[in-house]
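Since the model is a prediction, treat every value here as computed from it, not as a measurement. Indexing begins at 1, ligand by ligand and atom by atom, following the structure's order.
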Amino acid sequence: MSKTYKIALIPGDGTGPEVLDEGVKVIKAAACKNGFKLEFTAYDLGAKRYLKTGEILPESVVDEFKKFDAMYLGAIGHPDVKPGILEKGILLALRFKLDQYINLRPVKLYPNVETPLKDKTCADIDMVIVRENTEGLYVGAGGFLRKGTPQEVATQESINTRFGVERCTKYAYELTKKRAKNNKLTLCGKTNVLTYASDLWQRTFNELAKNYPTIKTNYVNVDAVCMWLIKNPEWFDVIVTDNLFGDIITDLAAMLQGGVGVAGGGNINPDPGGVSMFEPMGGSAPKYTGLNVINPIAAINAGMMMLDYLGQEKAAKDVENALIKALESGKIKSMSAGKMGLSTTQVGDLIAGLI
Ligand code: IPM
Ligand code: MN
């Protein structure tokens, strides 16, 4: 009997369904080649359901997700819905409710992909950013006082727990060890100003370092990380950071690898019985919806991460090799929507065909 993995699909809004279709096509090809099965169940979360029924994320659906081996998401967000409602109500809610405490963002420049950095090559841009995904400024702590008056006060607090920081940092150490690239882990914070939150991170980071004698550690302030990512991306192997800093530096880093059309990510709950969710970074791209011109590579990359996470490392490698071959063929002219020289489906067909 071949192994079957149950995957929950959330195509979502805008171009989400288009890119997810190609991701599914490619990972199915890899599954077929490697003798295992993927069984998909689609969920209609997103703008359409919200606008029709007012439902955002029913609790029963969250419970259903817990029974899957993994989740695969297209995009969330729609111009007809006030910004934040769906992003917070679906994407962030899933991360929190399923305790997906790691946001994993590999940043790798593939051949024939243009980077805006002059004189940098594939050898220079190959790192992983580990972003804490359930705490920090994202928890929604704070509030208004005298809202709407000239004396209005708004507070927004960053919540950092020893437990949360430690499990995230530990994950980053383990990943650095497993990756075995430069064995270097960088903590990104702001110790010169955030003397409480960043202090907790730094103490935790330094204490855990004792358990990983083979790993070189260093600390860089977040503003300086932004500078060095542009100037010397080759310095970085694995970076660990909090939720908001991670949100910002992963977008910056996505550009180094060719943009959001390429960048895939995972919301990981590494605990036994935890369920993780994989997604392209591109967003719902309303202006390209339905045109078959959006780049599906980010979704394919996210699918590759999902296979790896499911323990199908060989299948994940097959996807990566096919992606590299497709890029080396020169048939994909650009990573930008509408400029690829191929349609969304043709890019998916090309990569799936090479598997
Ligand atoms: C991301 C996104 C989300 C975030 C938004 C859509 C809420 O930007 O996954 O990085 O801020 O985490
Ligand atoms: Mn973001």
Side-chain angles (χ1 to χ4, degrees), residues 10-17 19-20 23 45-47 50 56-57 62 70-107 127-142 156-160 164 168 188 222 225-226 229 239-269 275-287 289 294-295 297-299 301-303 305-306 309:
I10 310 170
D13 304 320
T15 51
V19 295
L20 206 63
L45 300 175
Y50 172 66
I56 299 179
L57 177 64
V62 178
M71 299 155 69
Y72 196 17
L73 180 137
I76 294 292
H78 193 280
D80 294 346
V81 183
K82 202 175 139 214
I85 294 185
L86 299 172
E87 293 86 339
K88 275 182 95 171
I90 300 175
L91 190 60
L92 297 185
L94 283 172
R95 291 175 181 172
F96 279 84
K97 285 174 196 271
L98 298 171
D99 204 20
Q100 294 165 339
Y101 59 87
I102 300 295
N103 192 313
L104 193 63
R105 280 278 297 106
V107 179
M127 70 189 91
V128 182
I129 301 177
V130 175
R131 160 186 172 191
E132 202 292 321
N133 213 26
T134 53
E135 297 194 345
L137 278 159
Y138 274 68
V139 301
Q156 194 99 41
E157 280 177 311
S158 177
I159 306 295
N160 299 261
C168 175
C188 163
V222 60
V225 166
C226 292
L229 277 173
I239 302 176
V240 62
T241 191
D242 79 5
N243 211 338
L244 186 65
F245 293 157
D247 179 48
I248 296 165
I249 68 168
T250 53
D251 266 20
L252 191 157
M255 287 299 139
L256 310 185
Q257 68 180 132
V260 286
V262 181
N267 302 276
I268 316 274
N269 177 339
V275 58
S276 301
M277 174 168 75
F278 298 83
E279 53 166 335
M281 302 298 18
S284 57
K287 73 174 185 191
T289 302
I294 195 86
N295 189 346
I297 290 177
N301 265 333
M305 291 174 72
M306 182 165 72
Y309 155 87

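- For atom 9 (O) of ligand 1, the choice among M281, R95, E279 with the nearest heavy atom turns out to be R95.
- Counted by atom type alone, S276 and Y309 present one or more donor-acceptor pairs between their side chains at under 3.5 Å.
- Defined by atom type and a distance below 3.5 Å, a donor-acceptor pair is missing between the side-chain atoms of N103 and E132.
- N269 and D99 share no donor-acceptor pair across their side chains, judged by distance under 3.5 Å alone.
- Here is the list of ligand 1 atoms found below 4.0 Å of a heavy atom in D247: 1 (C), 4 (C), 8 (O), 10 (O), 11 (O), 12 (O).
- Looking only at its N/O/S atoms, D247 has OD1 as the one nearest to the Mn ion (ligand 2).
- Close contacts between ligand 1 and Y138 involve ligand atoms 4 (C), 11 (O), 12 (O) [criterion: under 4.0 Å to a heavy atom].
- In this structure, R131 counts as a contact residue of ligand 1, since one of its heavy atoms falls inside 4.0 Å of the ligand.
- For OH of Y50, the number of neighbouring non-hydrogen atoms (other residues, nucleotides, ligands) closer than 6.0 Å is 12 at most.
- In summary, the side chains of Y101 and N267 do not present any donor paired with an acceptor at a separation below 3.5 Å, with no hydrogens or angles considered.
- Among all non-hydrogen protein atoms, the one lying nearest atom 5 (C) of ligand 1 is L91 CD2, 4.4 Å.
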